[in-house]
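Nothing here was measured: the structure is a model prediction, and the numbers come from that model. Here is the naming used below: chain letters follow the sequence lines, and residue numbers restart at 1 for every chain.
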Number of protein chains: 2
Amino acid sequence: MATRDKLLEAAAVALAEDGVAGVSARTVAARAEVNQALVFYHFGTVDELLEAAVRRSVDRAVATYRDRLADVTSLADLLTLGRDLHRTERERGNVAQMAQVMAGARRSPALASAGRYAMDRWSAEVESAVVRVLPGTLLAGLVDPRGLAQAVAAGFIGLELYDGVDPGAAAGALGSLDAIGAMVAAFDALPPMAVRAVRSRARKAVARAAAAQGDAR
Amino acid sequence: MATRDKLLEAAAVALAEDGVAGVSARTVAARAEVNQALVFYHFGTVDELLEAAVRRSVDRAVATYRDRLADVTSLADLLTLGRDLHRTERERGNVAQMAQVMAGARRSPALASAGRYAMDRWSAEVESAVVRVLPGTLLAGLVDPRGLAQAVAAGFIGLELYDGVDPGAAAGALGSLDAIGAMVAAFDALPPMAVRAVRSRARKAVARAAAAQGDAR
DNA sequence: GTCTATACAGAGATAGAC
DNA sequence: GTCTATCTCTGTATAGAC
């Protein structure tokens with residue numbers, strides 16, 4: 001394996017395991033079993049190494065899900081795939097890498113850029129499936145697919161950090177989100193006419209609530 | 001103002017503005033305009049100072065919302081309050097502080113403890129309102145209040161970090177969550193019988209889906 | 001491309017005077 | 001409680017030999 005790749009790999013692992021505050025040119029180089037100076041030769045700065053590492057992780061991960069996301073035809077499908085995606089990406093440390101660069105974004109433009117890139121890639125990919133699936137659901141016309149995909153991505157990041165300080169609580173949070181997803185998906189199983197009726201009621205009530213709030217201001 | 005307080009205050013601001021990677025005994029002491037050695041005299045280590053600072057921020061913030069959360073009687077109320085809470089706590093930097101200690105949890109037990117404490121305080125407080133409000137809604141019997149409160153807290157953390165790398169996207173994500181909340185709340189406006197009918201349909205469909213998934217395994 | 005050596009800044013932390 | 005001084009370590013980064 002080339003030195004460059006060894007560094008990228010080591011940086012990704014270090015980021016996931018020790019967090020952004022725990023990585024340095026020395027520690028990453030030690031992990032990669034290469035000389036410390038090579039970090040600067042190949043990447044210029046430590047932050048740029050981290051950025052490159054996260055971009056690579058994200059590109060790889062997104063590619064492995066592209067086909068499966070393309071096969072999704074219903075919200076229930078999407079939720080099943082989502083659960084799987086969440087579990088594997090967490091286990092691989094990819095979610096942790098994203099959370100860590102985002103946390104470090106305040107002090108480093110390179111990390112901010114990596115975080116933006118990662119969130120963008122994932123939410124664009126998820127959005128493409130949401131766009132196909134949403135029209136048949138209760139949420140059609142109420143939420144926009146892009147925002148929903150972004151919310152899911154943000155939720156994963158929050159859950160990742162929560163898991164790091166309180167795994168039990170994070171599991172409880174995930175369970176609730178799962179239940180809500182299942183409820184929304186459940187409406188797909190009803191006759192289309194019933195779905196339309198419920199959806200239209202919901203939309204009217206939302207409009208009423210919005211109008212009432214407008215009056216209050 | 002006593003030195004101890006100046007340090008706590010400076011640490012909270014530094015954490016929110018520069019992130020956990022950007023704080024040091026020296027930078028915090030400079031911000032507080034006190035001597036660097038006093039960090040160690042008063043708090044032992046930098047991490048313990050950060051922990052104390054976050055605990056104080058959380059205790060204060062939770063106290064300012066206690067009464068208002070106690071007044072909540074409907075999901076619509078709770079969502080309105082939630083929006084306000086989210087905005088002000090973000091502006092005060094309290095959400096950023098929480099996100100940063102959680103990101104630093106991997107390398108420091110003190111920060112992990114601070115993160116756990118913060119999430120616990122907030123979700124317990126929110127849970128007390130959710131418990132009262134949930135029975136009247138579509139989600140009654142489907143999601144447990146504690147898990148839902150924890151999910152909301154985790155969501156805030158994720159959105160905070162997202163906002164740091166892509167404010168527009170974070171706003172889009174928040175908008176979608178808002179719409180979903182509004183939809184669920186909208187059912188409160190329907191006649192109780194209709195709510196019960198929809199809820200029971202949803203619950204049966206969820207049970208069916210769960211059974212189907214059980215069969216598939 | 002890779003290594004050794006090294007400069008230099010900033011970090012955490014302690015000792016001891018006041 | 002506070003300040004000065006200082007030790008030691010770790011971090012980034014570069015120069016130059018190979």
Side-chain angles (χ1 to χ4, degrees), chain A residues 1-54 56 97 100-101 103-114, chain B residues 1-54 56 97 100-101 103-114:
Chain A
M1 190 152 85
T3 298
R4 226 188 108 90
D5 280 345
K6 282 201 273 187
L7 280 171
L8 286 169
E9 188 58 32
V13 176
L15 202 49
E17 288 186 3
D18 306 335
V20 66
V23 298
S24 72
R26 282 181 152 85
T27 58
V28 173
R31 223 184 252 273
E33 294 178 307
V34 303
N35 190 281
Q36 170 260 149
L38 294 174
V39 169
F40 304 98
Y41 174 78
H42 285 289
F43 298 96
T45 66
V46 174
D47 287 344
E48 284 168 306
L49 163 58
L50 294 179
E51 180 183 3
V54 170
R56 196 178 69 148
Q97 289 173 48
Q100 289 296 326
V101 290
R106 280 210 148 60
R107 63 158 184 84
S108 157
L111 298 188
S113 162
Chain B
M1 189 151 86
T3 297
R4 229 189 106 90
D5 280 345
K6 282 202 275 190
L7 280 171
L8 286 169
E9 187 59 31
V13 176
L15 201 49
E17 288 186 3
D18 305 334
V20 67
V23 300
S24 71
R26 285 180 149 88
T27 57
V28 173
R31 221 184 252 273
E33 293 179 308
V34 303
N35 190 283
Q36 171 258 149
L38 294 173
V39 169
F40 303 98
Y41 174 76
H42 284 290
F43 299 96
T45 66
V46 175
D47 287 344
E48 283 169 307
L49 163 58
L50 294 178
E51 179 183 4
V54 170
R56 195 178 69 148
Q97 289 173 49
Q100 289 296 326
V101 289
R106 278 208 148 59
R107 62 157 186 86
S108 156
L111 298 187
S113 163

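A straight line from CZ of Phe43(B) to P of dA13(C) spans 14 Å, rounded to a whole angstrom. Computed from coordinates, the Asp18(A) CG to dT10(D) P distance equals 15 Å when rounded to whole Å. The CZ atom of Phe40(A) sits 13 Å away from the C1' atom of dA7(C) (whole-angstrom rounding). If you measure from atom CG of Leu111(B) to atom C1' of dG12(C), you get 15 Å, rounded to the nearest angstrom. In this structure, the OH atom of Tyr41(B) is 4 Å from the P atom of dG1(D), given to the nearest Å. In this structure, the NE2 atom of His42(A) is 16 Å from the C1' atom of dT14(D), given to the nearest Å. Here dG11(D) presents its C1' atom at 12 Å from CG of Asp47(A), a figure rounded to the nearest Å. Distance, Gln36(B) CD to dT6(D) P: 14 Å, rounded to whole Å.
Counting any heavy atom pair closer than 4.0 Å across all strands shown, Val39(B) reaches no nucleic acid atom. When heavy atoms are screened at a 4.0 angstrom cut-off, Ala37(B) is found touching base atoms of the nucleic acid.
Listed pair Ser24(B) / dG10(C) fails the phosphate criterion, with no side-chain N or O lying under 4.0 Å from OP1 or OP2.
Counting heavy atoms from C-beta on, the side chains of Tyr41(A) and Asn35(A) never come closer than 4.5 Å. The shortest distance between side-chain heavy atoms of Leu15(A) and Val20(A) falls below 4.5 Å.
Out of dA13(D), dT12(D), dG11(D), the shortest distance to the side chain of Thr45(A) is found at dA13(D). Checking dA11(C), dA5(C), dC3(C) against every side-chain atom of Asn35(A), the shortest atom distance belongs to dC3(C). Listed nucleotides dT14(D), dT2(D), dC3(C) differ in distance to Leu38(A); the shortest reach to its side chain belongs to dC3(C).
Side-chain to base pairing of Arg26(A) with dG11(D): one donor and one acceptor N or O lie within less than 3.5 Å of each other.
The backbone N or O of Val23(A) lies less than 3.5 Å from no partner atom in the side chain of Arg107(B), so there is not a single donor-acceptor pair. A donor-acceptor pair under 3.5 Å links the side-chain atoms of Arg106(A) to the main chain of Ala16(B), judged by distance alone.
Here Arg56(B) pairs with Glu9(B) in a salt bridge; the nearest charged N to carboxylate O distance falls below 4.0 Å.
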